[in-house]
Amino acid sequence: MAEYSCVKRTKLVLKGVKSKKKKNKGKRKREDGEDQVVDIVGGWWAVRNFGEITGSVAVEMGNGTYMHALDNGLFTLGAPHKDNETPDPPEQLTAIKLSETRIALKSGYGKYMGINSDGVVTGRSDAIGSREQWEPVFQEGKLALMASNSCFISCNDEGDIIAKQKTAGEEEMIKIRSCADIVIKEKDELLDEDKGNVKHCEINYIKKFQSFQDQKLRVNKEDSKILKKARTEGAFHEALLDRRSKMKADRYCK
């Protein structure tokens with residue numbers, strides 16, 4: 001009987017009865033399941049597209065090590081975490097969507113993350129300028145973060161976070177982890193203040209930041225073409241801040 005165990009078993013086919021072709025549903029389900037696999041560590045999951053970058057996030061550089069904000073306005077690589085250990089508070093950032101491709105990141109010290117002229121990542125700005133804008137680049141399931149100087153962030157031998165590489169290699173690969181509820185959005189949404197034309201956006205921000213001591217709305221009367229140009233160049237929020245500063249009525253302007 002042992003010889004029969006080597007015989008390949010097939011389905012009995014009757015003469016005159018056409019066999020039905022099997023649809024490859026199992027493979028399709030497995031592929032769909034693979035797409036839904038989420039990398040989760042201690043409730044913090046790795047984002048898979050731009051639309052998922054929102055709210056509290058942490059930038060993982062390496063296995064279990066996160067970008068860590070220091071009180072001197074610099075960033076370093078934090079100590080390694082154990083499995084299922086959440087990022088420490090200095091390693092947590094707030095992501096703010098600026099456009100369909102760019103975000104701003106605010107540290108727990110209330111400062112926006114940017115770069116200086118030497119390509120060193122810092123967190124010392126009170127407002128979002130061109131240097132405080134970041135572009136997450138997704139490709140083939142991997143992610144790199146590009147700074148305003150068109151270089152990707154990484155960590156040097158001294159532990160400093162820098163942006164000096166024009167091309168993204170393995171050392172520039174990161175994970176942005178989020179603790180928000182996983183929601184699949186059909187369409188990315190901008191902040192309410194950034195919707196509409198430049199004049200409408202300016203009024204939105206004036207209402208948000210201006211002090212109304214006499215109940216009057218103070219709008220800069222200069223040509224709004226400057227705002228249109230700044231919007232295309234990625235310096236829209238910086239231009240709005242400059243215009244509000246000239247009106248001497250912004251709580252956050254010097």
Side-chain angles (χ1 to χ4, degrees), residues 35-41 43-69 75-78 87 91-108 111-116 119-123 125 127-156 160-191 194 231-238:
D35 292 338
Q36 298 300 321
V37 173
V38 181
D39 179 3
I40 303 178
V41 175
W44 290 70
W45 50 277
V47 303
R48 298 157 295 181
N49 56 65
F50 182 80
E52 293 178 341
I53 305 175
T54 182
S56 296
V57 298
V59 178
E60 184 177 7
M61 308 178 75
N63 189 14
T65 54
Y66 298 89
M67 194 168 66
H68 185 107
F75 287 88
T76 187
L77 194 63
E91 297 168 343
Q92 299 177 22
L93 305 167
T94 301
I96 302 169
K97 191 177 297 184
L98 304 177
S99 68
E100 298 297 330
T101 58
R102 296 180 180 181
I103 61 171
L105 295 169
K106 181 187 284 188
S107 72
K111 305 292 184 179
Y112 290 99
M113 189 175 90
I115 57 168
N116 61 18
V120 177
V121 177
T122 63
S125 178
I128 302 172
S130 58
R131 291 189 176 186
E132 287 72 40
Q133 300 188 30
W134 301 87
E135 183 174 347
V137 179
F138 293 86
Q139 187 172 353
E140 298 179 355
K142 295 183 177 181
L143 170 61
L145 188 61
M146 187 169 67
S148 60
N149 61 355
S150 299
C151 293
F152 296 93
I153 70 166
S154 62
C155 182
N156 62 15
D160 299 322
I161 307 302
I162 58 175
K164 296 184 178 181
Q165 292 295 328
K166 291 289 184 182
T167 58
E170 286 299 321
E171 293 184 355
E172 286 71 40
M173 293 299 112
I174 65 167
K175 291 181 181 179
I176 295 180
R177 294 192 177 274
S178 171
C179 64
D181 294 335
I182 300 177
V183 178
I184 300 176
K185 294 185 178 181
E186 295 182 357
K187 185 179 180 180
D188 294 338
E189 294 183 357
L190 296 173
L191 294 173
D194 290 330
R231 197 176 203 177
T232 58
E233 294 177 350
F236 185 52
H237 292 83
E238 190 175 24

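What you see below is based on every heavy atom in this structure, not just the backbone, and it leaves out hydrogens, waters and symmetry mates.
- From Tyr112, atom OH reaches atom CD of Gln133 across 11.5 Å, with rounding to the nearest 0.5 Å.
- Closest approach of Ala147 to Trp134, counting heavy atoms only: CB-CZ3, 3.3 Å.
- Heavy atoms only, all atoms of each residue included: Arg177 and Trp44 are closest at NH1-O, 3.2 Å.
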Return a table of donor-acceptor pairs under 3.5 angstrom between the side chains of residues 160-173 and protein atoms on other chains or two or more places apart.
from	atom 1	to	atom 2	distance (Å)
Lys166	NZ	Asn149	O	2.9
Glu170	OE2	Lys142	NZ	3.0
Glu172	OE1	Gly169	N	2.8

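- What you find for Ile153 and Met67 is that their closest heavy atoms are CD1-SD, 4.4 Å.
- A distance of 12.5 Å separates OG in Ser125 from CG in Asn116, rounded to the nearest 0.5 Å.
- For the atom pair CD1 (Ile53) and CZ (Arg48), the distance works out to 12.0 Å, reported to the nearest 0.5 Å.
- Annotation for Cys155 and Leu77: closest pair SG-CB, 3.9 Å, computed over non-hydrogen atoms.
- Phe50 places none of its side-chain heavy atoms less than 4.5 Å from the side chain of Val137.
- Remark: Ser148 pairs with Ile115, Arg131 by the side-chain contact (heavy atoms from CB on, under 4.5 Å) rule, at least two apart or across chains.
- The side-chain heavy atoms of Ile103 and Leu98, taken from C-beta on, include no pair separated by under 4.5 Å.
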When you look at Ser130 and Glu238, which way does the side-chain contact (heavy atoms from CB on, under 4.5 Å) test go after all the steps?
CA-CA 7 Å; Ser130 58; Glu238 190 175 24; 4.1 Å; yes
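- Between Leu145 and Met113, the closest side-chain pair of non-hydrogen atoms falls below 4.5 Å.
- Tyr66 pairs by the ring pair (Phe, Tyr, Trp, His ring centres under 6.0 Å) definition with His81, not counting sequence neighbours.
- In this view, Lys175 and Asp39 satisfy the salt bridge (Lys or Arg N to Asp or Glu O under 4.0 Å) rule, not counting sequence neighbours.
- With rounding to the nearest 0.5 angstrom, the CG atom of Leu93 is 7.0 Å from the OG atom of Ser107.
- For the atom pair CE (Met61) and OG (Ser154), the distance works out to 6.0 Å, reported to the nearest 0.5 Å.
- Partners of Leu143 by side-chain contact (heavy atoms from CB on, under 4.5 Å), not counting sequence neighbours, listed by chain and number: Val47, Pro136, Phe138, Ile174, Ile176.
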- Check the pair Val120, Phe75 against side-chain contact (heavy atoms from CB on, under 4.5 Å), reporting the backbone distance first and the verdict last. CA-CA 9 Å; Val120 177; Phe75 287 88; over 6 Å; no
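- For the pair Glu91 (side chain) and Pro87 (backbone), a donor-acceptor distance under 3.5 Å is absent.
- Scanning all heavy atoms of the two residues, the minimum distance from Phe152 to Ala144 falls at CD2-CB, 3.5 Å.
- Partners of Glu132 by salt bridge (Lys or Arg N to Asp or Glu O under 4.0 Å), not counting sequence neighbours: none found.
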